[in-house]
Amino acid sequence: MKTARWLMLSVAAVAGISFAQNYPAKPIRFIVGPGPDALARVIGQQITQAWGQPVIIDQRGGGGGTISAEAVAKAAPDGYTLLLATGTHTINPSLYKVSYDMVRDFAPVTLLASTPFILAVHPSVPANSVGELIALARSKPGALNYGSGGSGTPPHLAMELFKTLAGVNIVHVPYKTVAAAITDLIAGQLQVMFTVGPAGLPQMRAGRIRGLAVSTAKRSVFAPELPTVAEAGLPGFEVFGWNGLLAPAGTPGPVIAKLHDEIIRALKLPEVKERIATFGFDPVGNSPEEFAEFVKADIAQWAKVVKESGARVD
């Protein structure tokens with residue numbers, strides 16, 4: 001029995017290597033949703049130039065990211081259908097009844113890039129630091145409103161984590177898009193929010209909103225003047241936006257390796273780093289094994305936040 005199993009595994013390995021040698025023989029599809037597709041287009045362009053096959057960007061919004069994840073989970077495990085995953089995908093198992101398992105049904109390729117969330121307030125809010133914001137919120141429970149690009153998104157749950165650690169009551173106002181929420185923050189209809197770096201930095205630089213801190217464990221190169229939330233008064237606070245690439249489970253290892261190596265090469269190119277930086281992202285590029293552990297940890301972190309905060313999707 002052991003010999004037969006060894007032979008089966010050997011045949012499968014040889015078949016996988018042979019398949020990878022001819023991969024890709026047709027267009028590759030990046031399924032994106034939710035979120036912008038700019039990063040997917042940059043990486044897709046590099047793959048197209050290197051391999052001579054087009055990368056099709058397939059935007060599938062809706063369902064809080066469940067539609068895009070389900071499409072890839074059910075796709076053929078041949079490396080031709082890939083998911084541009086975000087933090088929303090690791091949050092969803094705690095908020096939705098999904099038909100897939102984020103660990104069992106996907107094969108990680110790599111964590112592409114990360115971006116900080118910026119804790120920002122309207123300039124009229126009498127708080128110039130995280131400590132002052134917490135004190136203000138404690139003095140006026142339920143008087144402050146915060147916005148997000150929708151219930152169940154990472155910035156929404158980042159604020160819920162903030163509320164839990166700080167022991168404050170700030171009311172959530174969900175919007176359909178991050179842009180709509182920032183518009184109301186600028187207008188003073190909202191008092192505070194965690195905004196993704198690419199959307200918040202220009203408004204902060206223009207003085208339309210006031211940045212108080214970044215959500216990452218270390219200060220961001222995009223706003224080095226801002227302290228982290230952890231160093232400003234909430235030790236242990238760390239969340240951030242990210243994009244990574246997942247394939248369907250069962251995709252041959254040699255195909256995953258080929259994808260991974262090409263993407264890592266692309267992420268190291270100066271022109272790619274520059275393009276990604278304009279979106280407010282830092283390139284990462286870790287191993288499939290490291291990305292797998294990251295996904296597991298992110299699912300566990302958000303599950304704890306959802307449970308402790310009682311967060312729900314509307």
Side-chain angles (χ1 to χ4, degrees), residues 34-35 63-66 69 85-98 102-103 114-121 125 127 130-178 180-182 184-185 189-197 199-200 212-217 228-242 294-314:
T66 59
T86 70
T88 299
H89 290 104
T90 47
I91 289 170
N92 285 343
S94 297
L95 292 173
Y96 295 91
K97 290 183 179 180
V98 295
M102 283 302 300
V103 174
S114 65
T115 185
F117 298 141
I118 297 173
L119 179 62
V121 297
V125 174
V130 171
E132 290 180 2
L133 176 63
I134 292 173
L136 177 64
R138 286 176 178 170
S139 70
K140 298 180 178 180
L144 301 180
N145 294 329
Y146 81 91
S148 76
S151 296
T153 59
H156 166 214
L157 292 187
M159 184 57 81
E160 290 300 314
L161 175 60
F162 180 91
K163 288 166 54 180
T164 298
L165 294 178
V168 296
N169 177 18
I170 306 176
V171 180
H172 181 219
V173 182
Y175 288 76
K176 291 184 177 180
T177 65
V178 172
I182 290 180
D184 269 8
L185 179 64
Q189 299 300 315
L190 299 171
Q191 288 74 53
V192 60
M193 69 180 288
F194 272 107
T195 173
V196 291
L212 301 183
V214 292
S215 64
T216 41
T228 68
V229 172
E231 70 177 295
L234 289 181
F237 187 98
E238 180 190 7
V239 295
F240 53 88
W242 58 269
F294 172 85
V295 168
K296 291 177 184 177
D298 217 41
I299 291 171
Q301 172 180 265
W302 292 126
K304 182 179 180 183
V305 173
V306 169
K307 182 177 180 181
E308 292 181 350
S309 68
R312 297 180 180 180
V313 290
D314 296 335

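We count residues from 1, following the sequence as given. Just so it is clear, the structure is predicted and the values come from calculations on it, not from any experiment.
Here the closest heavy-atom approach between residue Pro34 and residue Gly65 is recorded as CD-CA, 3.5 Å. In terms of heavy atoms, His89 sits closest to Ala69 at CD2-CB, 3.7 Å. Scanning both residues, Leu190 and Gly147, for their nearest heavy atoms gives CD1-CA, 3.6 Å. Taking all atoms of both residues into account, the shortest heavy-atom contact from His156 to Ala311 is CE1-CB, 4.1 Å. Summarising the geometry of Ala199 relative to Ile182, their closest heavy-atom pair is CB-CD1, 3.4 Å, with the distance given to 0.1 Å.
Contact of the Tyr175 side chain with the Thr153 side chain is not registered, since no non-hydrogen atoms from C-beta on lie closer than 4.5 Å. Leu119 is listed as a side-chain neighbour of Leu133, based on a closest heavy-atom distance under 4.5 Å. In this structure, Thr195 and Pro155 have side chains that are not in contact, with every pair of non-hydrogen atoms separated by 4.5 Å or more. For the pair Thr88/Pro154, a side-chain contact is recorded, criterion being any heavy-atom separation below 4.5 Å from C-beta on. Residues Val192 and Ile170 are in side-chain contact: their nearest non-hydrogen atoms beyond the backbone lie under 4.5 Å apart. The closest side-chain heavy-atom distance from Tyr96 to Val313 is below 4.5 Å. The side-chain heavy atoms of Val239 and Phe162, taken from C-beta on, include no pair separated by under 4.5 Å. Residues Val305 and Thr164 have side chains not in contact (no heavy-atom distance under 4.5 Å, counting atoms from C-beta outward).
Residue Glu308 holds its CD atom at 11.5 Å from CD of Glu160, rounded to the nearest 0.5 Å. The OG atom of Ser94 lies 11.5 Å from the CE atom of Met102; values are rounded to the nearest 0.5 Å. For the atom pair CE of Met159 and OG of Ser309, the computed distance is 12.5 Å after rounding to the nearest 0.5 Å.
Between Tyr146 and His172, the ring planes lie parallel to each other; the angle is under 30°, not in the 30° to 60° tilted range. The aromatic rings of Trp242 and Phe294 sit perpendicular to each other, their planes meeting at more than 60°, with 30° as the lower class boundary.
Scanning for side-chain contact (heavy atoms from CB on, under 4.5 Å) contacts around Ala230 gives Thr228, with sequence neighbours left out. Checked against side-chain contact (heavy atoms from CB on, under 4.5 Å), Lys296 has the following partners two or more places apart in sequence or in another chain: Val103, Glu293.
In this structure, the side chain of Gln191 engages the main chain of Asn145 through a donor-acceptor pair within 3.5 Å. Remark: side-chain polar atoms of Arg312 are not paired, donor with acceptor, to backbone N or O of Gly152 under 3.5 angstrom. A donor-acceptor distance shorter than 3.5 angstrom exists from the side chain of Asn92 to the backbone of Gly64, with no hydrogens or angles considered.
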Fill in: From CA spacing to verdict: side-chain contact (heavy atoms from CB on, under 4.5 Å), Ile91, Ile299
CA-CA 6 Å; Ile91 289 170; Ile299 291 171; over 6 Å; no

Item to complete: For the pair Lys140 and Asn169, evaluate side-chain contact (heavy atoms from CB on, under 4.5 Å) and give the outcome as yes or no after the intermediate values.
Response: CA-CA 8 Å; Lys140 298 180 178 180; Asn169 177 18; over 6 Å; no

Worksheet entry | side-chain contact (heavy atoms from CB on, under 4.5 Å) between Ile118 and Phe194, intermediate numbers included | CA-CA 5 Å; Ile118 297 173; Phe194 272 107; over 6 Å; no

Worksheet item: Going through the checks in order, is the side-chain contact (heavy atoms from CB on, under 4.5 Å) test met by Leu161 and Phe237?
Response: CA-CA 8 Å; Leu161 175 60; Phe237 187 98; 3.8 Å; yes

